[in-house]
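Input: a single structure, listed below in structure tokens.
One-based numbering along the sequence shown.
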Amino acid sequence: MDIATQAIEGGFADPVFDAQTVFRAVMDAMARPGTLQPLPVFARPPTPLSATAGAIALALCDNDTPLWLDPVLQAPAAVKSWLGFHTGAPLANTPADAHFALIAAPAEMMALDGFSQGTQDYPDRSTTLILQVGDLVSGAPLLLEGPGIERTATIAPAQMPRHFVEQWKQNNQRFPRGVDIVLATPDGVTCLPRTTRIKTMEA
């Protein structure tokens with residue numbers, strides 16, 4: 001299959017309904033951090049972009065939202081062509097220019113403060129990171145507290161960056177600035193908004 005064909009195929013079958021469904025799942029996950037919002041397979045992007053991360057990009061990105069891809073996703077031309085065709089989103093020159101960032105290899109990701117943090121007046125101009133993770137049970141357990149969580153919640157996402165908890169504490173301290181994270185798993189979506197506090201289970 002050539003790149004042009006790959007770019008066209010695998011998008012939403014019903015663009016309006018599918019985008020609304022994915023958008024609602026992401027918003028529900030943001031409102032209730034640590035919960036998994038199930039998502040059926042709506043998109044079939046070229047590898048190594050996952051079906052869930054691809055669907056989230058299709059629902060959230062458009063021609064006004066610069067998109068940054070990590071090195072794993074930058075390498076295959078088919079991924080860039082597919083995202084460009086289905087979202088119209090321009091590729092950001094640097095992580096700090098991005099409204100959204102797609103990360104296929106979170107364990108190798110740059111530090112959170114390398115992405116746009118927004119400003120005090122416009123905190124919504126920060127980058128939302130969409131991280132592909134294999135599951136929410138095989139990594140280091142994270143204890144979540146904060147708005148939208150009744151007492152605590154626990155997730156253990158796979159392939160997370162080293163020193164993630166320390167970086168996240170710094171992210172909390174920049175509030176109202178700071179990044180938000182969307183975890184895209186094969187089964188659905190879980191979110192870590194900047195208001196969520198994270199501790200390791202040993203802490």
Side-chain angles (χ1 to χ4, degrees), residues 26 29-30 33-34 36 45-61 65-76 78-80 82-83 87 89-118 123-144 154-175 177-201:
V26 174
M30 279 288 183
L36 178 66
T47 58
L49 183 60
S50 74
T52 304
I56 293 168
L58 266 55
L60 301 184
C61 300
T65 57
L67 177 63
W68 188 80
L69 308 178
D70 77 350
V72 174
L73 293 174
Q74 284 182 24
V79 169
K80 290 180 280 191
W82 188 85
L83 289 166
T87 71
L91 292 180
N93 293 321
T94 70
D97 297 324
H99 286 207
F100 294 97
L102 281 169
I103 313 292
E108 300 161 21
M109 187 175 74
M110 63 180 294
L112 297 179
D113 61 8
F115 296 93
S116 175
Q117 305 295 306
D124 57 326
R125 292 181 179 174
S126 65
T127 307
T128 297
L129 311 182
I130 303 166
L131 275 54
Q132 294 183 184
V133 295
D135 59 62
L136 297 174
V137 296
S138 66
L142 305 176
L143 185 69
L144 313 182
T154 304
I155 59 173
Q159 299 111 16
M160 292 296 280
R162 291 183 63 198
H163 311 302
F164 173 70
V165 173
E166 290 81 358
Q167 290 188 52
W168 192 258
K169 286 178 181 175
Q170 295 170 7
N171 192 59
N172 288 150
Q173 292 165 5
R174 287 188 282 269
F175 186 84
R177 299 163 63 237
V179 302
D180 301 308
I181 288 180
V182 178
L183 300 175
T185 80
D187 300 316
V189 57
T190 295
C191 289
L192 297 172
R194 69 194 73 178
T195 53
T196 298
R197 300 182 299 278
I198 301 178
K199 302 175 182 177
T200 58
M201 296 297 285

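- No donor-acceptor pair under 3.5 Å is formed between the side chain of Asp180 and the backbone N or O of Thr128.
- Looking at every heavy atom in both residues, Leu67 comes nearest to Cys61 through CD1-SG, 4.2 Å.
- Of all the heavy atoms in Thr127 and Ala98, the pair that sits closest is OG1-O, 2.7 Å.
- At least one side-chain heavy atom of Ser126 sits less than 4.5 Å from a side-chain heavy atom of Arg194.
- How far CG of Asn171 is from OG1 of Thr195: 10.0 Å, rounded to the nearest 0.5 Å.
- Atoms CG and SG, from Leu36 and Cys191 in turn, are 10.5 Å apart once rounded to the nearest 0.5 Å.
- For Arg177, the side-chain contact (heavy atoms from CB on, under 4.5 Å) partners at least two apart in sequence or on another chain are Gln117, Gln120, Arg174.
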Compile the donor-acceptor pairs under 3.5 Å between side chains in residues 157-168 and protein atoms, sequence neighbours left out, one pair per line.
from   : atom 1 : to     : atom 2 : distance (Å)
Gln159 : OE1    : Gly134 : N      : 2.8
Gln167 : OE1    : Leu112 : N      : 2.8
Trp168 : NE1    : Thr196 : O      : 2.6

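- Judged by distance alone, with hydrogens and angles left aside, the side-chain atoms of Ser116 form a donor-acceptor pair with the main-chain N or O of Arg125 at under 3.5 Å.
- Smallest separation of non-hydrogen atoms from Trp68 and Ala92: CD1-O, 3.8 Å.
- Remark: of the listed residues Asn172, Leu144, Leu143, Asn172 is the sole one forming a side-chain contact (heavy atoms from CB on, under 4.5 Å) with Arg197.
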Verdict with supporting geometry, Leu183 and Ile155, side chain to side chain contact (heavy atoms under 4.5 Å, CB included): CA-CA 11 Å; Leu183 300 175; Ile155 59 173; 4.0 Å; yes

If you apply the rule side chain to side chain contact (heavy atoms under 4.5 Å, CB included), what do you find for Val79 with Leu102, and how did you get there? CA-CA 11 Å; Val79 169; Leu102 281 169; over 6 Å; no

Is there a side chain to side chain contact (heavy atoms under 4.5 Å, CB included) between Leu69 and Lys80? Walk through the geometry before answering. CA-CA 9 Å; Leu69 308 178; Lys80 290 180 280 191; 3.6 Å; yes

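- A distance of 4.5 Å separates OG1 of Thr190 from CG of Leu136, quoted to the nearest 0.5 Å.
- Considering all non-hydrogen atoms of both residues, Gly114 and Pro95 come closest at O-CB, 3.7 Å.
- Atoms CG and CE, on Leu131 and Met109 in that order, are 5.0 Å from each other to the nearest 0.5 Å.
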N/O donor to acceptor pairs below 3.5 angstrom from side-chain atoms of residues 49-57, sequence neighbours left out:
from  : atom 1 : to     : atom 2 : distance (Å)
Ser50 : OG     : Ala53  : N      : 3.1
Thr52 : OG1    : Thr185 : O      : 2.7

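- Note that CZ of Phe115 is 11.5 Å distant from CG of Asp97, once rounded to the nearest 0.5 Å.
- Taking CG of Leu73 as the start and CD1 of Ile103 as the end, the distance is 8.0 Å to the nearest 0.5 Å.
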